[in-house]
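Contents: one structure, followed by commentary.
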Number of protein chains: 2
Amino acid sequence: MSAAPSPRAARSRDGIPDATVARLPVYLRALLAYSERGTATVSSEELAAAAGVNSAKLRKDLSYLGSYGTRGVGYDVAYLVYQISRELGLTQDWACVIVGVGSLGHALANYGGFSSRGFRIVALVDADPARVGVTLAGVVVNPIEDLESIIAARAVTIGVIATPGLAAQEVCDRLVAAGVTSILNFAPVVLSVPDGVDVRKVDLSVELQILAFHAQRRSLREAEPATAKSRRAPAMVGGVTP
Amino acid sequence: MSAAPSPRAARSRDGIPDATVARLPVYLRALLAYSERGTATVSSEELAAAAGVNSAKLRKDLSYLGSYGTRGVGYDVAYLVYQISRELGLTQDWACVIVGVGSLGHALANYGGFSSRGFRIVALVDADPARVGVTLAGVVVNPIEDLESIIAARAVTIGVIATPGLAAQEVCDRLVAAGVTSILNFAPVVLSVPDGVDVRKVDLSVELQILAFHAQRRSLREAEPATAKSRRAPAMVGGVTP
DNA sequence: AAGCACTTGTGAACGCGCGAACAAACTCGG
DNA sequence: CCGAGTTTGTTCGCGCGTTCACAAGTGCTT
Ligand SMILES: NC(=O)c1ccc[n+]([C@@H]2O[C@H](COP(=O)([O-])OP(=O)(O)OC[C@H]3O[C@@H](n4cnc5c(N)ncnc54)[C@H](O)[C@@H]3O)[C@@H](O)[C@H]2O)c1
Ligand SMILES: NC(=O)c1ccc[n+]([C@@H]2O[C@H](COP(=O)([O-])OP(=O)(O)OC[C@H]3O[C@@H](n4cnc5c(N)ncnc54)[C@H](O)[C@@H]3O)[C@@H](O)[C@H]2O)c1
């Protein structure tokens, strides 16, 4: 192979930065709120405030999609909703399967906001025979043995793993082998998948521990105001200005 | 104005980057798995693989805590577990309250991994009188009116919001007013809080939409492998850059 | 005791995302 | 038709996080 000067294998995306993609859904939700309220146009300042981000960041994010705003006016709410939806792939439907219908799986299956947009739960799967046959939100729970045939028959593209951690990797492998390339994982394990498969993790425990870290830090700072130097202020010790 | 030459040697414990803090819980989980398996020491390479990160990143992350490794050997599992736990504030207990005991609140209350580490659910609160009085995982559901008194009496420091989006901001305000400075939010809204309050959001819908974006992109790429032309072709009607 | 194999800790380069500032573009009122 | 006011799109500098690469330290073997 040619000795490429920049051997970056992961630069598969020519366009939108990941950080921007992660914010687009937030913008979309804010826009839908404006839409329901009957607002026709919004400025970047307003929308940024609603989304909790900097307005310059918002404008730059939106500029990746194209020039959909009007200078001196703002953005047309309905049009921007459509453009973001299209870019995120929400104009088509996505068939999802939930594997593991325990406490969390039940909550997910019953969650209205799940299927409100293009995401449709077309199948529920569990290994426990006692759970098979139960109907949840209009969908019946199937045995885990039928996973592959269900994925093929219903053209499932998104797999949601809500099993215990021990079973997660095996379930993941079966999902991938059956052709699923997008996986949302609730189990507290690091899944290993081949290239071309996208995994996102939702980890309660991690979030709590991050909160605990900052909380402990706050309490420590309050307890010792003697060494109180706001950590934002640079030390500037011995800084001699010329 | 040039910055100080190298003032970084002194602040070994003062500033752990956020990105590092977010990974420490993952390391901790991997270490606990090693511990249960009876492994005494691990190398950065092994631990990094188990945590799904680069080994250099892992070493740098751990170096923020101190020099707890041994060259030529690796890290002592038990010792590192203790050090990370201490840094994250897991050596003390954290009292949590869950506000909103619906589908998701039920799952959270029953979740074992929640209270396994230092996090203890000391109270459940809901506005629906029909839910008040029910006992979940050994904790009785209290009316929302008692929120402030419960927080004060049980020294609650972490608030978990699992109410519908419409009620989230109000619940958040009450939590903050009652002295809670760490909030985990499951409602699909952007919470506004004063400085000094830490909010983390867990947003299912956002995760799914990010998955959908990449999935759509993959399918588009597969469909058109020949035209390497990024669809960055804007209208450019008469637009001529000088 | 000395060499060897192995691993940590970190210096330095690099790429990327963030935020401020500004010019271009549009509306509206006169 | 023009000017004032408004808002977008973009450019630029900066700081942070990631990664490579390597010197320094450790245990084992001979
Ligand atoms: N409940 C929560 O609030 C919560 C929060 C965060 C994370 N999690 C994680 O989510 C996962 C599920 O949690 P839960 O509380 O619903 O647990 P659960 O035990 O209530 O449910 C797990 C379900 O998975 C099924 N299952 C087990 N092995 C399976 C397999 N190989 N194939 C298919 N199904 C299988 C079980 O039959 C059970 O119905 C766990 O990994 C947990 O750590 C749960
Ligand atoms: N269920 C899921 O899987 C899921 C997934 C992602 C996000 N969410 C979000 O989590 C939140 C809860 O979801 P859910 O499915 O449990 O909804 P739910 O309707 O089942 O439960 C909401 C609970 O909150 C209580 N509540 C309402 N207003 C309240 C108030 N002011 N104070 C205290 N309690 C109040 C209600 O009585 C109810 O018990 C929602 O914002 C939802 O969007 C849920």
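Computed over heavy atoms, backbone and side chain alike; hydrogens, waters and symmetry mates excluded. Lettering of chains follows the sequences in order, A, B, ..., and the numbering in each one begins at 1.
Summarising the geometry, the separation between NZ on A/K60 and C1' on D/dT11 is reported as 8 Å, rounded to the nearest angstrom. C/dT7 atom P lies 16 Å from atom CG of B/L62, rounded to whole Å. Counting to the nearest Å, the P atom of D/dT8 and the CG atom of A/L65 are 14 Å from each other. Protein atom CD of B/Q83 is 12 Å distant from nucleotide atom P of C/dG9, rounded to whole Å. Rounded to an integer number of Å, the gap from OH of A/Y64 to C1' of C/dC18 is 10 Å.
With A/W94 contributing its side chain and A/G89 its backbone, the two residues share a donor-acceptor pair below 3.5 Å. Between the side chain of B/E36 and the main chain of B/A33, no donor-acceptor pair closer than 3.5 Å is present. Side-chain N or O atoms of B/T39 include none that pairs as donor or acceptor with a backbone N or O of B/S35 at under 3.5 Å. A donor-acceptor contact shorter than 3.5 Å links the side chain of A/Q216 to the backbone of B/R86.
A/A56 approaches A/N54 most closely through the heavy-atom pair N-OD1, 2.7 Å. For the pair A/L90 and B/A212, the tightest heavy-atom approach, listed with the atom from each and the gap, is CD2-CB, 4.4 Å.
Of all the residues in residues 19-36 of chain A, not one reaches under 4.0 Å from DNA chain D with any non-hydrogen atom. For residues 37-58 of chain A, proximity to DNA chain C is found at A/N54, A/A56, A/K57, defined as any non-hydrogen atom under 4.0 angstrom from a strand atom.
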Could you encode protein contacts along nucleotides 22-30 of chain C as a string, one character per nucleotide from 5' to 3', using B for base contact, S for sugar-phosphate-only contact and - for no contact, with a heavy-atom cut-off of under 4.0 Å? --BBBS---
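In this structure A/Y82 satisfies the ring pair (Phe, Tyr, Trp, His ring centres under 6.0 Å) test with no other residue, sequence neighbours excluded.
Looking at A/R218 and B/S182, their side chains come closer than 4.5 Å, going by heavy atoms from C-beta outward. At least one side-chain heavy atom of A/I16 sits under 4.5 Å from a side-chain heavy atom of B/F213.
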Candidate pair A/Y68 and A/Y75, rule ring-ring contact (aromatic ring centres under 6.0 Å, His included), full reasoning: CA-CA 7 Å; A/Y68 296 142; A/Y75 298 90; 8.9 Å; no
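Here the options are B/D203, B/L108, B/T163, the test is side chain to side chain contact (heavy atoms under 4.5 Å, CB included), and the partner is B/F186; only B/L108 passes.
The list of salt bridge (charged side-chain N to carboxylate O under 4.0 Å, His left out) pairs with a residue in residues 161-188 of chain B, not counting sequence neighbours, reads B/E148-B/R174.
One axis for each end of the helix from C/dA1-D/dT30 to C/dG30-D/dC1, each built from five base pairs, and the angle between them comes to 0° at 10° resolution.
Judged by the 6.0 Å and 45° rule, B/R117 forms no cation-pi pair with B/F119.
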